[in-house]
Q: 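Handing you a structure now.
This structure is a prediction, so every number in the text was calculated from the model and none was measured.
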Amino acid sequence: MIAAAIGGKATTPTPGLVASTGSEFLSSLPKLGIVSVPNGASVIYLKSRGNLRIQAVEGSRKTVNVNENVDDFDNGHAGQNRSQLSTVGKSTNIKWQDCSVGKIDRERLLKQKGCVIWITGLSGSGKSTVACALSQFLHQRGKMCYILDGDNVRHGLNRDLGFKAEDRAENIRRIGEVAKLFADAGVICIASLISPYRRDRDACRALLPDGDFIEVFMDVPLEVCEARDSKGLYKLARAGKIKGFTGIDDPYEQPLNCEIVLEYKGGDGASPCVMAEKVVSYLEEKGYLEA
Ligand SMILES: Nc1ncnc2c1ncn2[C@@H]1O[C@H](COP(=O)(O)OS(=O)(=O)O)[C@@H](OP(=O)(O)O)[C@H]1O
Ligand SMILES: Nc1ncnc2c1ncn2[C@@H]1O[C@H](COP(=O)(O)OP(=O)(O)O)[C@@H](O)[C@H]1O
């Protein structure tokens, strides 16, 4: 019955999927559980706000995807009720260590709500500039924020990664996980990286409770980014001296349903400050600047 509720008969459900089911049946389930579905995959689910949310799926032959996000979305205390030993990816026999001080407590202290503002776009589209302007505005208002810039994180945590597709995917995954920790700390985390693949961005979105992942698309034409070429990288890419450069000979997949689009308009209307103010207004409207 659980399998029917979350995965149907033949398909493997994906992490992040939310399935509704009868309330009586739902109340009979433990908060967190593992169940096998008919095609042999194991599914870890979490009860959240009257629904079942898929946390991780492991196939019978290979791991489909693993998402260790088992935050308790109902009370903001990460990991509550995770009392059993579990397997996450290659880690076996692990147990969540809980603490009585939770996300909500930290948010009250900071008078804000933790979230992730994920700025995606081509190189030269203005991601870092907007991230910095946004950080300045928030800081001036007494709000705690932190920028995870792709370029900067590649100087440390992600120094072992290059720009081939699987390295970019791992870069995005790691930054997504770190951003999630910042949000759990109550911080407004601004992630600014090209993140060219929709699937990878969506996987980061699935790590967070609904609403807390705010995707911002820098909608700037390639010609404009290339004309800016502040680092001279487009020139090198056009000359064939950099292979696999996003927008030139590597793909960029635009968001389909992002929360905010910052569109290049030319002239005064498109200054980084105006763009950052748009993000601040969104945060204000959605209640992220108060606890
Ligand atoms: N091949 C290739 N493609 C795109 N970008 C390249 C490449 N090689 C180096 N750079 C520089 O690295 C910065 C992008 O790093 P990211 O971590 O944001 O990229 S990604 O999200 O993993 O795709 C990017 O920074 P931004 O210009 O700030 O976007 C570039 O300066
Ligand atoms: N809104 C804007 N209008 C005009 N120029 C901009 C704007 N935003 C950024 N720039 C300029 O474009 C260049 C690239 O910006 P940057 O923030 O480094 O982009 P990214 O982080 O996406 O690579 C910089 O020289 C920056 O000053």
Side-chain angles (χ1 to χ4, degrees), residues 14-18 46 48-49 51 53-56 65-79 102-104 106-107 110 112-121 125 127-128 130-131 134-135 138 143-150 153 168-219 252-262 275-276 278-291:
T14 49
L17 178 102
V18 176
L46 174 75
S48 167
R49 296 195 180 128
N51 292 316
R53 188 182 171 104
I54 309 308
Q55 300 299 324
N65 198 353
V66 172
N67 170 356
E68 59 163 343
N69 178 33
V70 281
D71 290 358
D72 184 337
F73 297 122
D74 294 325
N75 62 13
H77 285 72
K103 185 182 182 210
I104 286 175
R106 293 185 283 272
E107 290 179 333
L110 294 169
Q112 62 186 52
K113 291 193 188 79
C115 61
V116 174
I117 298 162
W118 190 278
I119 307 179
T120 172
S125 59
K127 300 181 297 298
S128 307
V130 166
L134 176 60
S135 179
L138 292 173
K143 303 300 165 192
M144 177 81 88
C145 56
Y146 192 80
I147 299 175
L148 296 173
D149 191 282
V153 180
R168 289 186 199 250
E170 178 61 9
N171 181 40
I172 294 158
R173 189 193 72 78
R174 287 185 201 169
I175 292 181
E177 290 286 355
V178 174
K180 174 185 140 186
L181 295 177
F182 272 101
D184 189 49
V187 172
I188 298 169
C189 182
I190 306 165
S192 158
L193 63 160
I194 297 178
S195 41
Y197 312 131
R198 209 172 283 136
R199 196 181 71 162
D200 298 330
R201 295 192 302 263
D202 287 348
C204 294
R205 178 186 289 276
L207 294 173
L208 286 140
D210 286 347
D212 287 2
F213 185 90
I214 300 153
E215 192 172 2
V216 179
F217 172 42
M218 302 300 301
D219 189 4
Y252 177 79
E253 297 168 1
Q254 296 193 0
L256 298 176
N257 272 313
C258 60
E259 281 71 15
I260 302 174
V261 178
L262 299 178
M275 290 177 170
K278 195 171 167 186
V279 181
V280 173
S281 300
Y282 181 94
L283 292 174
E284 206 155 34
E285 202 180 295
K286 299 287 179 187
Y288 283 97
L289 302 186
E290 57 195 69

Q: Quick test of your reading: applying ring-ring contact (aromatic ring centres under 6.0 Å, His included), list the pairs with at least one residue in residues 191-213, sequence neighbours left out, ordered by first then second residue.
A: Trp118-Phe213
Q: Within this structure, what is the CD1-OG distance for the pair Ile117 and Ser192, rounded to the nearest 0.5 Å?
A: 11.5 Å
Q: Any idea which heavy atoms bring Cys115 and Ala183 closest together, and the distance?
A: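 Taking Cys115 first and Ala183 second, the nearest heavy atoms are N-CB, 3.8 Å.
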Q: If I take atom CG from residue Asn257 and atom CZ from residue Arg205, how far apart are they, to the nearest 0.5 angstrom?
A: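 Reported value, rounded in 0.5 Å steps: 8.0 Å.
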Q: Could you check if a side-chain atom of Val116 sits within less than 4.5 angstrom of a side-chain atom of Leu148, using non-hydrogen atoms only?
A: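 Not in contact.
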Q: Which pair of heavy atoms, one from Ile260 and one from Lys278, lies closest together, and at what distance?
A: CG2-CE, 4.3 Å
Q: Has the side chain of Lys143 got a donor or acceptor atom that lies under 3.5 Å from a matching backbone atom of Leu289?
A: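 Between the backbone of Leu289 and the side chain of Lys143 there is a qualifying donor-acceptor contact (under 3.5 Å).
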Q: At what distance, to the nearest 0.5 angstrom, does NZ of Lys180 lie from SG of Cys189?
A: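 Answer rounded to 0.5 Å: 13.0 Å.
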Q: What distance separates Ser125 OG from Phe217 CZ, expressed to the nearest 0.5 Å?
A: 8.0 Å
Q: Nearest 0.5 angstrom please: Glu290 CD to Gln112 CD, how far?
A: 11.5 Å
Q: Between the side chain of Glu259 and the main-chain N/O of Glu215, is any donor-acceptor distance below 3.5 Å?
A: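 Between the backbone of Glu215 and the side chain of Glu259 there is a qualifying donor-acceptor contact (under 3.5 Å).
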Q: Determine whether a donor-acceptor pair (N or O, by modelled atom type, separation under 3.5 Å) exists between the side chain of Arg173 and the backbone of Asp200.
A: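 Between the backbone of Asp200 and the side chain of Arg173 there is no qualifying donor-acceptor contact (under 3.5 Å).
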Q: Working to the nearest 0.5 angstrom, can you tell me the gap between Asp219 CG and Cys258 SG?
A: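 Spacing of CG (Asp219) from SG (Cys258) equals 8.5 Å.
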Q: Are the side chains of Val130 and Met218 in touch, meaning some heavy atoms are under 4.5 Å apart?
A: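 Yes. Closest side-chain heavy atoms under 4.5 Å.
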Q: Is any side-chain heavy atom of Ile190 closer than 4.5 Å to one of Val279?
A: no
Q: Side chains of Ile214 and Tyr288, heavy atoms from C-beta outward: is any pair under 4.5 Å?
A: yes
Q: Within a strict 4.5 Å, meaning less than it, do heavy atoms of the Lys127 and Ile194 side chains meet?
A: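 When only atoms from C-beta onward are counted, Ile194 and Lys127 do touch, with a gap below 4.5 Å.
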Q: Mind checking salt bridge (charged side-chain N to carboxylate O under 4.0 Å, His left out) for Asp149 and listing every partner two or more places apart, or none if nothing turns up?
A: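 Listed in chain order: nothing, the list is empty.
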Q: What I'd like to find out is whether the side chain of Leu283 reaches to under 4.5 Å of the side chain of Leu138, using heavy atoms alone.
A: yes
Q: Are the side chains of Asp184 and Arg106 in contact, using a 4.5 Å heavy-atom criterion?
A: yes
Q: Looking at Ile147 and Ala131, what are the two nearest heavy atoms and their distance?
A: CD1-O, 3.5 Å
